[in-house]
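Structure first, then comments.
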Amino acid sequence: MSDRYNVKETEARWQKAWEDSKCFEVTERADKPKYYTLAMFPYPSGKLHVGHMRNYTMSDIVARYKRARGYNVLNPMGWDAFGLPAENAAMENKTHPAKWTYANIAAMKQDLKLMGLAIDWSREIATCAPDYYKHEQKYFLDFLKAGLAYQKESFVNWDPIENTVLANEQVVDGRGWRSGALVERRKLKQWFLKITAFADDLLDGISQLGGWPEKVRLMQENWIGKSQGLKFTFEFTKPKGQRLEIYTTRPDTLFGASFVAISPDHPVAQKLSKNDMGVESFIEKCRKIGTSEAVIETAEKIGHDTGLTVNHPFIAGKTLRVFIANFVLMDYGTGAIFGCPAHDQRDLDFARKYGLDVIPVVIPPDKDGREFAIDMEAYTGPGRLYNSDFLNAMTIDEAKAEVIKRFEAAKTGQGTTLYRLRDWGVSRQRYWGCPIPIIHCQACGAVPVPEDQLPVTLPEDVTFDKPGNPVYNHPTWKQVKCPTCGKDAERETDTFDTFFESSWYQFRYCDPHNAKEGFAKDKVKHWAPVDQYIGGVEHAVMHLLYARFFTRALKKCGYLDFDEPFTALFTQGMVVHETYKGEDGKWLSPADIEKGHNGAYVKKGDNTPVTVGRIEKMSKSRKNVIGLEEVSVNFGIDAARLLILSDSPPERDVEWTEGGIEGAWKYVNRLWRLVTLADFNGKGGDTDAMKRKIHGTIDMMTQDLEKFHFNKGIARLRELSNALEDFSAAKGDGAVLREGCEALVRLMAPVMPHLAEELWAHLGHKEMVVNSSWPEADKDWIGSDTVTIAIQVNGKLRATIQLPKDLAASDAEKAALAETAVQKAMEGKAAKKVIVVPNRIINVVV
RNA sequence: GCCCCUGUGGUGAAAUGGUAGACGCGCUCGACUCAAAAUCGAGUACCGUAAGGUGUGUUGGUUCGAGUCCGACCAGGGGCACCA
């Protein structure tokens, strides 16, 4: 027998056996509990790389493990197939987005098949197929009827040279990525979904998501951003009677107000710009910046004095100047604020820049008024009010309540709950997306496409020789008759945000071939919600929040009877790799380079030097991708799975290195030799120790898998195989050795499924390991009778002793004080105190 | 700018507030070999001959005891509503 494992032949053979037996295809059944595990579906960007692989491997482990535990496991796969890259590819390569997308799907599916995943392929979906998106067109019409969808004007990034809308990603340093033109903010009428109607519900729901990482729950909570504050109006000094509505979360600091600022998009600013060139050019300057909050917030804070002033509501005769400021967002609150520089850093920076007053009104608990001053750092901590008339000596909370009370009593203001969350704009001025099923009629307005005319499909005869949505210029597609009045009308040419498709796909998998509706209620009732969702942390807020909203919206329309789509969530880290650049500054792929004479990398072919760059997320643009095929050919999928799972904790990034995959491959062979060369006729060895190791490993690895500690579980597996190797070499008892090998194989099955099948068959089993159950740990063989106790003197380790498990504290203390190393460290002094932590540690304090 | 996360040997990482470095990679030495690869065995945080001391990004605190909890800071990463 060869001492090398024939990985290529073996992996292909078992993949075929799984496929032939259709063991991963599932239907609803009453005799087994269901388990739905889902990996976030991929965008078909081109080739599958080991970064994708990590995501699907984790779902695969869960699927195989839960299967072994007796669950009826649903583990589906599909394609998030609409999106911008397809249109970019269409422009660059003179192809059609559909052609490019479907070719990528075919290539990536082939790679996925190489992975031998426990996927029910009969449920495969692609979101760009009309039989998928027609259902979401129906949902949109339902949302419209339910008052959850509406139109309003909102800003987009406008490229004035290409005359097209740009995505934030396509704006680089404030300029269009292709044209180089300075981007402008421009208003367009667009469709919105009323996610804010569920703001409180989405917030409350977070507390029930116990299976989600704390950090994701926190991020969602902050994103929704519920705040209690005050809405009130300032009176303009002139024209008399005109008022400006403000929202603030710090009404307590009103006596420290030194200016008022409004958004460049505020109606007051707009009105002023008509007669004031200065205002007009300032607003124009503010708009020469994209719509992205990150850009707006990091831009230099600038303001423009409007010359208007308002009266302070509580200080007679005091007026505040009104500025237009680029950092005030029209989307939040009322688009107008008052600035209290002493207690808000942004206001302070602004005040220092424009020479405005800084009036401290909250004093820290440990200071008094004479010594407390604000320089360049605002004070945002707790304290008591001063310089504040009737609020003096109150706490911040008391002062907030008092100010709100006074405004409410005077009927000039209102305590208000506000959310940072904004309604979801779903209109995209793009071709490669789901058409919004609306017809615009001069007479009737926005009219829903009649349901019997769904789906509204994309026209196929389009070209991408100029920027923008080609449907807009299509000769006939737009022109229709109004369904209501029959007159000439036009189709909506915008398509949905691609988050629309990914908000409900988890339900489509439950009933993927249903032509009548998106899913049958009873099928979703059976499988949903998803028991374990797995994907990148980059989706922590938007995708996951949209899907949570969509589920509630579907419930409101009668499609479902639950709120939360994902019971548990795991956010896995990325696969990262070194990046390389050639002499010409262009990215090079790892396949393009090799080690030169002096050990440094050179470009293959011409031996020109290569610069090694940062270690970054694998991405097509940086070329630092390792394709799946090359890995599977050289080392097999099991070795790749092993590396990806064992090298880092799953929530952290893992670096793909050549050395790592070779090491994993060696271990695959070592396991193969251990089991195939084992002699089950031995009579010797320490059978008790071996049995403890076997059952201890089963126990611990089971716990590790339950907790997603795959790296630790694999470390336990290695400990067991090390022990079995020693036991085997010592001609250990054959029955125990077999018991150990069988446990090892069943434990490795979720991690290295192909090798496990091969070894399981070698051990004489007729049934595949994929259909066998998870091993049970025998409680009698878990743990041991003695424990090692550490002894510290004043917190420093001085000795370790073996003691019987659960020994009385007084006996343990006696044994510890009797140790010579302990006595030496005590230097003859008496113990002041002895802390005994049973079975762990004893600390002697002298 | 705002929200969230991460930081431990040469390196990937372990460690319910209780023996820091499990399990690997690499390296060193040895066995096998004509030789190499593969495989097997021993060693491997740092300083020190040793006794011992020092060590978890920096810094301060809480505690009998801190990688772990709290405060301040530094560095890196993710997200910020039209990338997916």
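Using the Watson-Crick or G-U wobble rule with both distances under 3.5 Å, B:rG41 pairs with B:rC29. B:rU19 is unpaired under the Watson-Crick or G-U wobble criterion, no partner having all donor-acceptor distances under 3.5 Å. Using Watson-Crick or G-U wobble geometry with both donor-acceptor distances under 3.5 Å, B:rC80 finds its partner in B:rG1. Nucleotide B:rU63 is matched to nothing when pairs are restricted to Watson-Crick or G-U wobble geometry with both distances under 3.5 angstrom. As the counterpart of B:rG24, B:rU11 is assigned, both hydrogen-bonding distances of the Watson-Crick or G-U wobble pattern falling under 3.5 Å. With a 3.5 Å ceiling on both atom-pair distances, the Watson-Crick or G-U wobble partner of B:rA75 is B:rU6. In a base pair of the Watson-Crick type (N1 to N3 plus N6-O4 or O6-N4) or a G-U wobble (N1-O2 and O6-N3), with each distance short of 3.5 Å, B:rC46 is matched with B:rG53.
Counting non-hydrogen atoms under 4.0 angstrom, A:V845 reaches the backbone sugars and phosphates but no base. Residue contacts shown for A:F499 include a base, since a base heavy atom lies under 4.0 Å away. Using a 4.0 Å heavy-atom criterion, one finds that A:W223 contacts the bases of the nucleic acid, with or without backbone contacts as well. Base contact: A:H539 has a heavy atom under 4.0 Å from a base atom. Among the protein residues, A:S648 comes within range of the sugar-phosphate backbone only, with heavy atoms under 4.0 Å from sugar or phosphate atoms but none that close to a base. Note on A:K796: only backbone sugar-phosphate atoms sit closer than 4.0 angstrom, heavy atoms only; bases stay farther off. Contact annotation for A:N722: backbone-only contact, meaning every heavy-atom pair under 4.0 Å involves sugar-phosphate atoms and none involves a base.
The A:R422 side chain lies nearest to B:rA81 when the options are B:rC82, B:rC83, B:rA81. Checking B:rG18, B:rG52, B:rG1 against the side-chain heavy atoms of A:R840 singles out B:rG18 as nearest. Considering only the side chain of A:A167, B:rC83 comes nearest among B:rC83, B:rA81, B:rU54. You'll find that the side chain of A:E538 is closest to B:rG79, out of B:rG79, B:rU39, B:rC23. Among the nucleotides B:rG1, B:rU19, B:rC3, the one closest to any side-chain atom of A:T788 is B:rU19. Here the side chain of A:A715 is nearest to one of B:rA84, B:rA22, B:rU6, namely B:rA22. Candidate nucleotides B:rA81, B:rU6, B:rA84 were compared by shortest atom distance to the side chain of A:R652, and B:rU6 ranks first. Here the nucleotide nearest the side chain of A:K712, chosen from B:rA84, B:rA14, B:rA38, is B:rA14. The side chain of A:R673 lies closest to B:rC40 when the candidates are B:rC82, B:rG65, B:rC40. Of the candidates B:rG65, B:rA51, B:rC83, the closest approach to any side-chain atom of A:N168 belongs to B:rC83.
The base of B:rC82 sits within donor-acceptor range of the side chain of A:Q429, with an N or O pair under 3.5 Å. Judged by distance alone, with hydrogens and angles left aside, A:R798 brings no side-chain donor or acceptor close enough to the base of B:rU19 to form a pair under 3.5 Å. Side-chain to base pairing of A:N222 with B:rC3: no donor and acceptor N or O lie closer than 3.5 Å to each other. Counting distance only, with no hydrogens placed and no angle test, the side-chain atoms of A:R430 and the base atoms of B:rC82 include a donor-acceptor pair under 3.5 Å. Side-chain atoms of A:Q345 stay outside donor-acceptor range of the base of B:rC2, with no qualifying N/O pair under 3.5 Å.
For A:F570 and A:Y533, the ring centers are positioned 6.0 Å apart or more. Taking the ring centroids of A:Y43 and A:F82, they lie at or beyond the 6.0 Å cut-off.
With A:F350 as the aromatic partner, A:K301 does not meet the cation-pi criteria of under 6.0 angstrom to the ring centre and within 45 degrees of the ring axis. With A:W223 as the aromatic partner, A:R420 meets the cation-pi criteria of under 6.0 angstrom to the ring centre and within 45 degrees of the ring axis. Judged by a 6.0 Å distance limit and a 45° cone about the ring axis, A:R718 is positioned over the six-membered ring of A:Y667.
Between A:F41 and A:E377, it is A:E377 whose nearest contact on RNA chain B lies nearer the 5' terminus. Remark on RNA chain B: of its neighbouring residues A:I835 and A:P649, the 5'-side contact belongs to A:P649, judged by nearest-heavy-atom nucleotide.
Nucleotides B:rG65 and B:rA20 have their P atoms positioned 14 Å apart, rounded to a whole Å.
Atom NZ of A:K353 sits in a crowded spot, with more than 12 heavy atoms from other residues, nucleotides or ligands closer than 6.0 Å.
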* Check against side chain to side chain contact (heavy atoms under 4.5 Å, CB included), A:D159 and A:S179 -> CA-CA 8 Å; A:D159 185 320; A:S179 70; 2.6 Å; yes

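For A:E651 and B:rG12, the CD to P distance is 16 Å, given to the nearest whole Å.
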